[in-house]
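Right, one structure below, let's go through it.
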Amino acid sequence: MNKAVSEPAADTSAHNEMTGAEIVVQALKDNGVENIFGYPGGAVLPIYDELFQQEEVRHILVRHEQGAGHAAEGYARATGKAGVMLVTSGPGATNAVTPLQDALMDSIPLVCISGQVPTALIGSDAFQECDTVGITRPCTKHNWLVKDVNQLAAIIHEAFHVATTGRPGPVVVDIPKDIQFAKGTYTPPQTAPRTSYQPQEQGDINQIKAAIELMAHAKKPVIYSGGGVINAGPEASHLLRELVDLTGFPITSTLMGLGAYPASGANWLGMLGMHGTYEANMAMHDCDVMLCVGARFDDRITGRLDAFSPNSRKIHIDIDPSSINKNVRVDVPIIGDAGRILEDLVRLWRATAKPNKAALKPWWTQIDIWRARDSLAYRPNEDVIMPQYAIQRLYELTRDRDVYVTTEVGQHQMWAAQHFGFEAPNHWMTSGGLGTMGYGLPAALGVQIAHPDALVIDIAGDASVQMTIQEMSAAVQHNAPIKIFILNNQYMGMVRQWQQLLHGNRLSHSYTEAMPDFVKLAEAYGCHGIMCDKPAALDDAIREMISVDKPVIFDCRVAALANCFPMIPSGKAHNEMLLPDEASDEAVANAIDEEGRQLV
Amino acid sequence: MNAQLQPTGSAYFITKETEAAQTHTLAVLVDNEPGVLARVIGLFSGRGYNIDSLTVSETEHERHLSRITIVTRGTGHVLEQIKHQLERIVPVHRVVDLSVVADERGHDRPMERELALVKVRGQGDDRVEALRLADAFRAQVIDANTEHFIFEITGRVSKIEQFIAIMKPLGLVEVCRTGVAAMNRGPEGM
Ligand SMILES: Cc1ncc(C[n+]2csc(CCOP(=O)(O)OP(=O)(O)O)c2C)c(N)n1
Ligand SMILES: [Mg+2]
């Protein structure tokens, strides 16, 4: 991760005498922070008072602290910089927990500054007291309770360093109110990190050579890339593309890694995993050499573990040593930054490997057969908007623009991943590891703050969007013309799909009664509302959404009972996918066998 | 992976470990700062790892370094994960699996010692027998009156377990154990 740190000012020491609140704002500036997302309260009032008296750091007022966190995550993913959130003690801090865990699971650099009751009151059950460092310890990469104003600056600098280096992640700096008032010495950012924290960035050259050796002799190779490539910066994506070109290998990616290799690229197989394409999963299953770059063999990716890619030698590039051999045993682990290692791989491949793309011909022939299976196909309908069709039209009508897509969680998220083509990194923001409904709307706000002129779309579900809908008010306040494109199927579609698969089609509480009128809701917030339920009217409605220079809620009424395919049912391997044209009601009901169901 | 699939019909793929669990002793060097022990313990409880014994104390005052000794149980794969997960904790400097090092150096296991205080209350023959056995175990009497003894005993875990078991019928009242302190044989440091 690149980190913007301005040169430490050559201040006199008298000038470096500040209050804790001043130190906070100065430290933010010195760490290159331009925007923060937050919500005030008693325990952070001194910091808010400082923010009020300066212009360099812009504060985006949200409507709920969870929104601040997801907005900061969206900002971080769109810029490659740390996202920053500011919350008060007690409920402010507990509301931050969901985005912190979300950022931990998806390796997003997020710095959360929280207020705390005065030091003397800690432990007394004071008003709005909670054990913030205790609560957030398991959902942060590291956290700090500041006990001495003279350490405050160093701690904030260290917090940014920890959040943005190595495997990025969330951190919390908890600052008691008396520390915010107290006077102390400001110290500028220093380059000497603490000795116990030294992430390994450079890969072991012998391991890299071993990888090249395996790759050079592969007959059926596949590259499987993930969010680690995005986190390693745009240069890493560039190198990944170069490696694909040089080797001629097919490439697939996780949900988090979309955009590192362009969807229009010739070697692209589409996403892999539970709702990945047939060709991606079959290639993973049948390959003889797998190169995993910045992904972690998550359970949504591997399917049945003991049948996962049984005949391949596996190379795994990851910055986190604990990811190696966690779920899947690999043959050549390479620990380090994906960008640095890709650079070495590309350089050594050029120097030593004798490219023999012709040897891959039979493999590509096989892949083309799988591709011809057309696993993302769906039955078009003239009367009802199919959700897949809606995503495709959205993609076609926005592809000539600088478009960023966020999502909520559910079927719509998977359809977005399947049918929207991502051409560049940092343009796709979704909650992968935690699967947080309510992520997409505030994340879109964060992206729009980072890129005011871009087209930012939250592909939403009717249920998810209601979890953080209040942030429409924040979008209006901050002139962030985000587009909330709701695939409204009146259901918690993904929950219903699982109930159909596993629970005898008993749709327990997955139907959304009393759906709000989203158009009126948009108007109530001062946004623009659009409703569309006809395939023929869809293109014009999407054009209207794009042209309106305000936040928009687009209520796209789609086929209520469509399900998301292809799919690897539970307990099945990559080569046992359920394809859309085979997914009859009966096949769906029997996709998971009797034994499996009894064990639920 | 040496794991077998159990189809659960849920959103998860549960695998069953078939490998046998081993007991290992880890030495963890950490910055002695607030919360560091909570981070280590939280890691074990959060990820479902076992702790058989845990001891901690500052060992280098000038550098504010503490050494934590953890005895844990798990399959080879889990033990490897535990080491890597501990290394991810920001204030952790080093993690050494003393059992692995012992093995590499051709030793059966690391040197491990524990200290226990054992209070025994009794009169007559039981009291005489307790004192006689304590002597045989080289336990020290550190407090006594006509009704009780407190013994201080150091040694391997097995010796301490045995001593406590023997004292049980003789009027065992209270036990306090430190947990295991460990290091490897030979001239090399950690
Ligand atoms: C905060 C949270 N609560 C519950 C869930 C479980 N969950 C996953 S998908 C889903 C339904 C989402 O419905 P909707 O937003 O309408 O999307 P659809 O699947 O219909 O496209 C639910 C409840 C979750 N992922 N996150
Ligand atoms: Mg829905």
Side-chain angles (χ1 to χ4, degrees), chain A residues 133-134 137-145 147 158 161-162 166-167 169 171 193-199 274 297 299-300 302-308 320-329 335 435 494 498 501-503 568-573 591-600, chain B residues 1-19 28-49 60 63-68 74-95:
Chain A
V133 287
R137 200 175 284 127
C139 60
T140 52
K141 188 172 168 185
H142 196 60
N143 62 13
W144 295 259
L145 171 64
K147 293 190 168 156
E158 187 174 70
H161 179 68
V162 170
R167 178 175 180 175
V171 297
R194 66 192 289 162
T195 53
S196 66
Y197 175 75
Q198 274 158 357
M274 184 175 270
F297 297 95
D299 54 66
R300 301 294 94 162
T302 59
R304 177 173 167 168
L305 264 182
D306 63 350
F308 174 72
D320 180 355
S322 78
S323 290
I324 307 284
N325 293 334
K326 185 164 69 175
N327 302 329
V328 170
R329 284 251 151 224
I335 293 162
M494 193 55 97
W498 280 92
L501 280 161
L502 287 170
H503 297 281
I568 307 177
S570 305
K572 295 283 161 67
I592 293 167
D593 51 28
E594 205 51 47
E595 186 193 0
R597 229 168 306 162
Q598 280 163 14
L599 281 162
V600 174
Chain B
M1 275 221 47
N2 200 1
Q4 254 186 5
L5 177 89
Q6 231 183 4
T8 62
S10 73
Y12 300 94
F13 305 98
I14 312 287
T15 53
K16 206 163 73 186
E17 289 284 357
T18 49
E19 201 188 316
V28 188
L29 215 55
V30 301
D31 284 327
N32 184 11
E33 61 180 33
V36 66
L37 190 58
R39 288 180 208 283
V40 170
I41 294 171
L43 170 71
F44 276 74
S45 65
R47 293 189 183 262
Y49 305 142
E60 289 183 53
R63 293 170 63 205
H64 296 290
L65 287 181
S66 288
R67 177 160 167 156
I68 305 177
T75 60
H77 169 243
V78 168
L79 291 166
E80 191 187 337
Q81 266 296 301
I82 291 176
K83 182 168 183 287
H84 287 317
Q85 293 292 349
L86 282 168
E87 282 165 343
R88 286 176 71 182
I89 297 176
V90 169
V92 166
H93 286 261
R94 280 186 71 201
V95 183

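All values below were derived from every heavy atom in this structure, side-chain atoms included, with hydrogens, water molecules and symmetry-related copies excluded. In the text below, chain A, chain B and the rest are named by the order of the sequence lines, each starting its count at 1.
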Subject >> Under 4.5 Å from any heavy atom of chain A - which part of B/Val92 >> reply: backbone
Original post:
Looking only at heavy atoms, which of residues 40-49 of chain B get nearer than 4.5 Å to chain A?
Top reply: none
Subject >> Region of A/Ile324 that comes under 4.5 Å of a non-hydrogen atom in chain B >> reply: backbone
Subject >> Contacting moiety of A/Pro138, where chain B heavy atoms sit under 4.5 Å >> reply: neither
Subject >> Nearest atoms (heavy-atom pairs only) where A/Ala573 meets A/Ile568 >> reply: O-CG2, 3.6 Å
Original post:
Is there a donor-acceptor contact under 3.5 Å linking the side chains of B/His93 and B/Asp31?
Top reply: yes
**OP:** Evaluate the criterion side-chain contact (heavy atoms from CB on, under 4.5 Å) for residue pair A/His142 and A/Tyr197; output intermediate values, then yes/no.
**Re:** CA-CA 11 Å; A/His142 196 60; A/Tyr197 175 75; over 6 Å; no
Subject >> Interchain contact, B/Arg39 with chain A, by part (heavy-atom threshold 4.5 Å) >> reply: both
Original post:
Of the backbone (N, CA, C, O) and the side chain (C-beta and beyond), which part of B/Gln85 lies under 4.5 Å from a heavy atom of chain A, both, or neither?
Top reply: both
Subject >> Region of B/Glu80 that comes under 4.5 Å of a non-hydrogen atom in chain A >> reply: side chain
**OP:** Report yes or no: does A/Lys141 contribute a side-chain atom to a donor-acceptor pair with the main-chain N or O of A/Arg167 at less than 3.5 Å?
**Re:** yes
Subject >> Residue selection (most heavy-atom pairs with chain A, distance under 4.5 Å) from B/Lys83, B/Glu87, B/Gln81 >> reply: B/Gln81
Subject >> A/Asp320, part contacting chain B, at a heavy-atom distance under 4.5 Å >> reply: side chain
Original post:
Under a 4.5 Å cut-off applied to non-hydrogen side-chain atoms, are A/Pro321 and B/Arg88 in contact?
Top reply: no
